[in-house]
J.: 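Take this structure first; my questions come after.
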Amino acid sequence: MNIAVTSKFLRFIRTNVSKYQKVTLFSTKPEHPSIPVNQLKEIFSATEQNETGAMYDKKPFKIRCEAGKIYHWCTCGQSKRQPFCDGTHKNIFLKIKLRPVRFTVTETKDYWLCNCKQTLNRPFCDGTHKRQDIQELKR
């Protein structure tokens with residue numbers, strides 16, 4: 001590359017970087033999205049169950065939840081209406097000890113609900129499905 005062209009190019013970069021350096025500081029997107037929390041966690045004890053249910057899927061489910069409405073998230077993994085409970089855990093022949101997690105949200109928007117049933121932030125996905133041992137499991 002020609003020395004004159006190189007020096008012009010470097011001078012161009014130096015002047016433009018210093019001129020537009022502060023533009024990247026102004027963004028409309030939040031730096032970190034807020035992590036949803038179950039508002040009914042203190043009222044209902046199903047979130048404190050030590051066992052985890054059968055894996056339904058290895059990726060989360062995105063669903064629109066309305067503020068103030070109470071939902072029942074399937075913990076056992078046997079429901080036909082995943083990620084929500086349909087009462088399958090009540091079947092006495094299946095001998096399922098897990099109960100659904102009741103939850104509500106503070107604002108109406110899309111939420112990622114866990115389908116691997118291994119999350120620590122029940123019922124919301126916390127990325128546990130990305131672990132190597134979870135990915136190797138067969139559904």
J.: Mind checking the CD1-CD spacing from Ile96 to Glu51? Nearest 0.5 Å is all I need.
T.: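 Answer for the CD1-CD pair, Ile96 versus Glu51, is 11.0 Å.
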J.: Could you check whether any side-chain heavy atom of Glu48 comes within less than 4.5 Å of a side-chain heavy atom of Lys41, counting everything from C-beta outward?
T.: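 SC-SC contact between Glu48 and Lys41 confirmed.
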J.: If Ile, Leu, Val, Met, Phe, Trp and Tyr residues are connected whenever their side-chain heavy atoms lie under 4.5 Å apart, and connections chain through other members, are Ile35 and Trp112 in the same group?
T.: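 No; Trp112 is not reachable from Ile35 via cluster members.
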J.: Any side-chain donor paired with an acceptor under 3.5 Å for Thr128 and Asp126?
T.: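 Distance-only check passes for Thr128 and Asp126.
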J.: Looking at side-chain heavy atoms only, is the closest gap between Leu137 and Met55 below 4.5 Å?
T.: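 Sidechains of Met55 and Leu137: in contact.
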J.: Please check: side-chain N/O of Lys58 versus main-chain N/O of Gln135, any donor-acceptor pairing under 3.5 Å?
T.: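 Yes.
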J.: Indicate whether the side chain of Thr108 and that of Glu66 have a donor and an acceptor atom separated by less than 3.5 Å.
T.: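 Judged by distance alone, the side chains do not pair up.
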J.: Report the distance from atom CZ of Arg64 to atom NZ of Lys62, rounding to the nearest 0.5 Å.
T.: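 Arg64 CZ to Lys62 NZ: 9.0 Å, rounded to 0.5 Å.
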J.: Counting the benzene-type ring for Trp, do Tyr56 and Phe61 have ring centres under 6.0 Å apart?
T.: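 Ring-ring flag for Tyr56/Phe61: false, centres at least 6.0 Å apart.
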J.: Give me the atom names and distance for the closest heavy-atom approach of Ser79 to Phe84.
T.: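 Closest pair (atom of Ser79, atom of Phe84, distance): OG-O, 2.6 Å.
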J.: Which heavy atom in Cys116 sits nearest to a heavy atom in His129, and how many Å separate them?
T.: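 Minimum heavy-atom contact is SG-CB, 3.9 Å.
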J.: So which atom in Lys117 and which in Gly77 form the shortest heavy-atom distance, rounded to 0.1 Å?
T.: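 Heavy atoms of Lys117 and Gly77 come nearest at CE-CA, 3.9 Å.
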J.: Just by modelled atom types, is the Thr75 backbone N or O under 3.5 Å from a matching donor or acceptor in the Arg122 side chain?
T.: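 No.
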J.: Hey, does Phe124 have a side-chain heavy atom less than 4.5 Å from the side chain of Leu113?
T.: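 Yes, close enough: below the 4.5 Å cut-off.
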J.: For a quick test of reading the model, state the closest non-hydrogen atom pair linking Val101 to Pro123 and the distance between them.
T.: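 The pair with the smallest heavy-atom distance is CG1-CD, 4.5 Å.
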J.: Is the side chain of Thr104 donor-acceptor paired with the backbone N or O of Gln39 at a distance under 3.5 Å, no angle test?
T.: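 Flag not set: sc Thr104 to bb Gln39 has no pair under 3.5 Å.
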J.: To the nearest 0.5 Å, what is the distance between SG on Cys74 and CD on Gln82?
T.: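 If we round to the nearest 0.5 Å, Cys74:SG and Gln82:CD are 4.0 Å apart.
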J.: Would Val37 and Val105 show up in the same hydrophobic cluster when neighbours are defined by side-chain heavy atoms closer than 4.5 Å?
T.: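 In one cluster with Val37: Val105, no.
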J.: To the nearest 0.5 Å, what is the distance between NZ (Lys130) and SG (Cys125)?
T.: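 One gets 7.0 Å once the value is rounded to the nearest 0.5 Å.
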J.: Nearest 0.5 Å, what's the CH2-CZ distance between Trp73 and Phe103?
T.: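 If I round to the nearest 0.5 Å, the distance is 9.0 Å.
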J.: Distance check, rounded to the nearest 0.5 Å: Arg99 atom CZ versus His89 atom NE2?
T.: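 Answer for the CZ-NE2 pair, Arg99 versus His89, is 8.5 Å.
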J.: Indicate yes or no for a side-chain donor-acceptor contact from Asn38 to the backbone of Arg102 under 3.5 Å, with no hydrogens or angles considered.
T.: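 Yes, the answer is positive, given that a donor and an acceptor are paired below the 3.5 Å cut-off.
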J.: Where do Lys59 and Asn115 come nearest, in terms of heavy atoms and distance?
T.: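 Looks like O-CB, 3.3 Å.
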